[in-house]
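All remarks here apply to the structure that follows.
Chain identifiers are assigned alphabetically (A, B, ...) following the order of the sequence lines, protein sequences preceding nucleic acid strands; residue numbering begins at 1 within each chain.
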Number of protein chains: 2
Amino acid sequence: MATGTSTGTTVTAAEVAARIREAISSGDLVPNQRLVEADLAEAYGASRGHVRTALGELTVEGLVERIQNRGARVRSVPLEEALEIVEVRAALEALCAARAAERITDDQAEELRAIGRAMEAAVRDRDQSAYARGNTDLHGMLIRVSGQRTAAATIDRLRAQAVRFQYRLSARPGRSQQSLPEHLAIIEAVCARDPEGAARAMRAHLASVSEAIVESTRD
Amino acid sequence: MATGTSTGTTVTAAEVAARIREAISSGDLVPNQRLVEADLAEAYGASRGHVRTALGELTVEGLVERIQNRGARVRSVPLEEALEIVEVRAALEALCAARAAERITDDQAEELRAIGRAMEAAVRDRDQSAYARGNTDLHGMLIRVSGQRTAAATIDRLRAQAVRFQYRLSARPGRSQQSLPEHLAIIEAVCARDPEGAARAMRAHLASVSEAIVESTRD
DNA sequence: TGTGACAAAATTGGTGACAATCCAGGCCAT
DNA sequence: ATGGCCTGGATTGTCACCAATTTTGTCACA
């Protein structure tokens, strides 16, 4: 149990929201889990009022579901919606990849290739966590290089909602072997300053993610 | 001044949020305008607490900007960000157009063509408001037919933020002559069940919107 | 054993009061 | 004049309290 820092300093609503977001991302809080205001207030050392506004924020973000007089729960995202989210992400990340391909500097290209090499090594060594790290590094760097902050914010919000499926996926044996060449293709296209190719490669990658999600839920 | 319905019924936070959203969309509240909690509470007949939570929601949605101890203002979206928003919308609406092209029924296709004819007529008659209505009808219908609710929600949120630029644009003389053929091209591609063509036409349309926005701010 | 009614506990919703903070304007010294 | 400083008013932030509602537990009765 993640206990709140028992310092006397007041914990603001934004901080509570961040903690809950974190807890949902890490799987500490699972879908449909009830979020009792008093409990959260105690756990994080915040007042109930702050917890309330934090839950309000998270509701707008789509991470939490609130029912009048019945309290808040971690929202459970159905498979169908998760696939929609991946489709939207595909469109947005393809945009980012294309822009990144237009704007990338030589130094950044080298950095990107280094990420690619790290991912290859991770697959060779069967190091799941290193591969996952490379994965987030890659997507994160493309978004950063693209300079599209609006798209970045949207992608982050959507990814947070679909986190449950992300999990199942990366836990799947052999998934990295499948996705590695897709990732390398993205890197190649971006480093070659080929926007159209980068977008295509990114869409292909996320189409594969979509398929894999469907398969991973067949059990 | 839109006064609150002076009924004794309590006005909920969600309702206040809706009213403020509406006021921003319609231009009743302009960028950087201060939103004083007590005033809003009085105007809408709600308690200050409800106004507060409404402002919290709108802040997460990006319509309102809040500074600690300094209150809330209508967020002013800079040109640069508005262009980003249009780019993101292009990616998302292209996705919707493509899906709509895959899923549209014959009846819906006829409805879509009717919208196209109405827009042609509006341009012929120089009826600005009819054209604007056709415009929203068209985009709305494509999104509805596409069945992409996640994308739809995201588009709505983004469009609400960029509403100021939308205005200047449709007020511009000759804008409809420029955009009409683009709209017709989208309709044609969707009705021809050509997803790739529909996406391309939509991207072309929004690229033109982007250019027009840049031009409309050169004054 | 199961079911419905009812009371008690738990939880959320809402409001008012008060504290903290910011802002405008006046005032004084330089 | 100009700049620093103070004070009063306006506004926001926070909390404690109570009302409303839901949920849980118990018990009588079929």
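For the pair A/Leu40 CG and C/dA10 P, the interatomic distance rounds to 18 Å; values are reported in whole Å. Rounded to whole Å, atom P of C/dA10 lies 14 Å from atom CD of A/Glu42. What separates CZ of A/Arg66 from C1' of D/dT22 is a distance of 16 Å, to the nearest Å. Following rounding to the nearest Å, A/Glu37 (CD) and D/dT14 (P) show an atom-to-atom distance of 16 Å. Here the P atom of nucleotide D/dT22 and the CD atom of A/Gln68 are 9 Å apart, to the nearest Å. Summarising the geometry, the separation between CZ on B/Arg73 and C1' on C/dC23 is reported as 12 Å, rounded to the nearest angstrom.
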Protein-nucleotides 23-25 of chain D N/O pairs under 3.5 Å:
| unit_1 | atom_1 | unit_2 | atom_2 | d |
| --- | --- | --- | --- | --- |
| D/dT23 | OP1 | A/Arg70 | NE | 3.4 |
| D/dT23 | OP1 | A/Arg70 | NH1 | 3.0 |

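One finds no salt bridge joining A/Glu215 and A/Arg175 here, because no Lys/Arg side-chain nitrogen approaches an Asp/Glu carboxylate oxygen to under 4.0 Å.
Note that OG1 of A/Thr154 is 12.5 Å distant from CZ of A/Arg89, once rounded to the nearest 0.5 Å. Note that the OG atom of B/Ser216 and the CZ atom of B/Arg168 stand 6.0 Å from one another [nearest 0.5 Å].
Proximity of a side-chain donor or acceptor of A/Glu81 to a complementary backbone N or O of A/Pro78 within less than 3.5 Å is not detected.
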Exercise for the section: Test A/Arg75 against A/Gln161 for side chain to side chain donor-acceptor pair (under 3.5 Å), laying out the working first. Expected result: CA-CA 8 Å; A/Arg75 188 166 82 93; A/Gln161 292 179 21; 3.1 Å; yes
Practice task
Start with the C-alpha gap between A/Val190 and A/Val145, add the side-chain angles, then the distance that decides, and say whether side-chain contact (heavy atoms from CB on, under 4.5 Å) holds.
Solution key: CA-CA 10 Å; A/Val190 171; A/Val145 172; over 6 Å; no
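Relative ring orientation between A/His183 and A/Tyr131 is described as tilted, the plane-to-plane angle lying within the 30° to 60° band.
Pairing each heavy atom of B/Ile155 with each of B/Cys96, the nearest pair is CD1-SG, 4.2 Å.
Of the residues in residues 47-63 of chain B, those placing a heavy atom less than 4.0 Å from an atom of DNA chain D are B/Arg48, B/Arg52, in numerical order.
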